[in-house]
Colleague: 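The structure that follows is given in the form of structure tokens.
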Amino acid sequence: MKYVLITPARNEEAFIRKTLDSMVAQTLLPERWVIVDDGSTDRTTEIVKNYTKNHSWIQLIHRPQRLDRNFAGKAHAFNAGFERIRSLPFDVIGNLDADISFERDYFAFLVDKFSEFPKLGVAGTPMQEAKYHAMKDSFYNENDVFGACQLFRRACFEDVGGYTPIKWGGIDWVAVRTARLKGWQTRSFSDKFFYHHRHMGATESNTWKARFDYGRKDYFLGNHPLWQVFRVSFQMVKRPYVVGGLLLLSGYCYSLAARMERSVAEELVTFHRHEQLERLKHLLVGFLRTGRFRPQR
């Protein structure tokens, strides 16, 4: 199967070499990898250009610098890259963030899964950071696929309408759940993982503000209140202890009190909340049997 990749990149000079080195070492190379410089003011463009000289399948395109910084920009940059490769023959299309690294056979492994599972619409792997492991430090769900590296079967990508620009974030979240809503399988395969070099929330002004914003996003994306209670409780035993969970709760409650408008379709919110309650039931039953919360399988 043939695959293509798109990477929106903005001021990524600190980590993008790690992503570039991981890609050029892959045992299965993409037909095209479009890196979209989204108005960088550092050396991101210069670094990428050095790689394009020796690898014709890497292409760089530029978008003008923008004053506002929000999550919708990533979707706009990705869509600009998609226009560049839309006419190419490919079976799988992926979003690849510019601050991750992975093993040499990473994409050969993932692309093969689309042949193995005919109804697979979105695929990826768990994420790991220096002080964070998705399978240990969150309510890991193998049916979710992290946005930093998401591969879509082309038919699925077209079915969900690609990435929808959303100011508060969650564009990857919406795409994956819309895929499941439309009957596609989505899967994070734990046989491998990718390493995320920039800590989650590091682009925010500080960790506390990031937790508050995550709470706002939880409300915006329609988290069920009961699920949010358990999510907050879980985060209270993680660093920063107690305070992190309270900030998460504050962001959610603030948005609830302010009646923050959701642009996510009501049908998707209903579907998402049903999934959360089913997962919560699974987690609680597992806890009663074993005394431990276990990831969903």
Side-chain angles (χ1 to χ4, degrees), residues 68-75 127 129 131-134 136-141 143-148 163-178 180-181 196 198-288 293-296:
D68 63 316
R69 181 175 176 82
N70 60 62
F71 292 98
K74 178 179 178 178
M127 174 183 72
E129 292 181 350
K131 297 181 179 180
Y132 177 87
H133 194 296
K136 301 175 182 178
D137 299 320
S138 68
F139 281 162
Y140 173 73
N141 179 7
N143 293 319
D144 284 341
V145 181
F146 291 95
Y163 286 130
T164 302
I166 302 174
K167 179 180 179 180
W168 288 105
I171 62 173
D172 52 314
W173 180 98
V174 170
V176 171
R177 280 158 183 78
T178 301
R180 290 205 294 270
L181 178 63
H196 190 232
R198 177 184 287 106
H199 301 317
M200 291 187 298
T203 56
E204 304 292 342
S205 58
N206 55 61
T207 302
W208 288 13
K209 180 181 183 299
R211 289 300 178 96
F212 182 83
D213 288 343
Y214 281 140
R216 297 184 70 182
K217 186 169 72 173
D218 286 345
Y219 173 82
F220 173 79
L221 296 176
N223 274 15
H224 193 286
L226 186 58
W227 175 268
Q228 196 67 14
V229 168
F230 276 83
R231 172 164 157 75
V232 167
S233 300
F234 185 79
Q235 289 302 318
M236 281 187 175
V237 299
K238 303 293 181 181
R239 293 181 182 273
Y241 298 115
V242 181
V243 176
L246 290 176
L247 287 168
L248 192 70
L249 178 63
S250 298
Y252 185 91
C253 291
Y254 172 84
S255 301
L256 175 64
R259 298 182 181 276
M260 180 181 179
E261 183 180 356
R262 294 188 179 108
S263 61
V264 180
E266 189 62 33
E267 181 185 20
L268 187 59
V269 171
T270 301
F271 177 78
H272 169 52
R273 289 186 169 187
H274 174 74
E275 282 194 330
Q276 285 187 322
L277 292 179
E278 287 297 311
R279 285 189 61 209
L280 191 56
K281 181 172 68 174
H282 174 88
L283 288 167
L284 289 175
V285 169
F287 178 78
L288 291 174
F293 284 113
R294 297 181 181 275
Q296 179 174 328

Colleague: Does anything in residues 215-228 pair up under salt bridge (charged side-chain N to carboxylate O under 4.0 Å, His left out), and if so which pairs, sequence neighbours excluded?
Modeller: D218-R231
Colleague: State which residues pass salt bridge (Lys or Arg N to Asp or Glu O under 4.0 Å) with D144; sequence neighbours excluded, sorted by chain then number.
Modeller: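 Here the qualifying residues are R177, R180.
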Colleague: What distance separates K281 NZ from R279 CZ, expressed to the nearest 0.5 Å?
Modeller: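 If I round to the nearest 0.5 Å, the distance is 14.0 Å.
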Colleague: A side-chain contact here means heavy atoms from C-beta on lying under 4.5 Å apart; do R211 and Q235 qualify?
Modeller: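 R211 reaches Q235 side chain to side chain.
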Colleague: Could you measure the distance from the CD atom of E278 to the CD atom of E275? Nearest 0.5 Å is fine.
Modeller: 9.5 Å
Colleague: Under a 4.5 Å cut-off applied to non-hydrogen side-chain atoms, are P225 and R273 in contact?
Modeller: yes
Colleague: So how far is it from F146 CZ to D172 CG, rounded to the nearest 0.5 Å?
Modeller: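 Output value for this atom pair is 10.0 Å.
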Colleague: Looking at side-chain heavy atoms only, is the closest gap between F220 and V264 below 4.5 Å?
Modeller: yes
Colleague: Between I171 and I166, which heavy-atom pair has the shortest distance, and what is it?
Modeller: CG2-N, 3.8 Å
Colleague: Tell me, which pairs form a ring pair (Phe, Tyr, Trp, His ring centres under 6.0 Å) where one or both residues lie in residues 256-278, sequence neighbours left out?
Modeller: W173-H272
Colleague: With a 4.5 Å limit on heavy-atom distance, are the side chains of Y219 and R262 in contact?
Modeller: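 Yes - at least one pair of side-chain heavy atoms lies under 4.5 Å apart.
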Colleague: The criterion is ring pair (Phe, Tyr, Trp, His ring centres under 6.0 Å); which residues satisfy it with H224, sequence neighbours excluded?
Modeller: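 Scan of H224 (ring pair (Phe, Tyr, Trp, His ring centres under 6.0 Å), adjacent residues dropped) gives none.
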Colleague: In Å, rounded to the nearest 0.5 Å, how long is the span from NZ of K209 to OH of Y214?
Modeller: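 That separation rounds to 11.0 Å.
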Colleague: With sequence neighbours left out, what residues match V237 under side chain to side chain contact (heavy atoms under 4.5 Å, CB included)?
Modeller: none
Colleague: Which heavy atom of P165 sits nearest a heavy atom of A75, and at what distance?
Modeller: CA-CB, 3.6 Å
Colleague: Would you mind writing out the side-chain donor-acceptor pairs for residues 247-261 within the sub-3.5 Å range, not counting sequence neighbours?
Modeller:
{"residue": "S250", "atom": "OG", "partner": "L246", "partner atom": "O", "Å": "2.8"}
{"residue": "Y252", "atom": "OH", "partner": "N223", "partner atom": "O", "Å": "2.9"}
{"residue": "S255", "atom": "OG", "partner": "G251", "partner atom": "O", "Å": "3.0"}

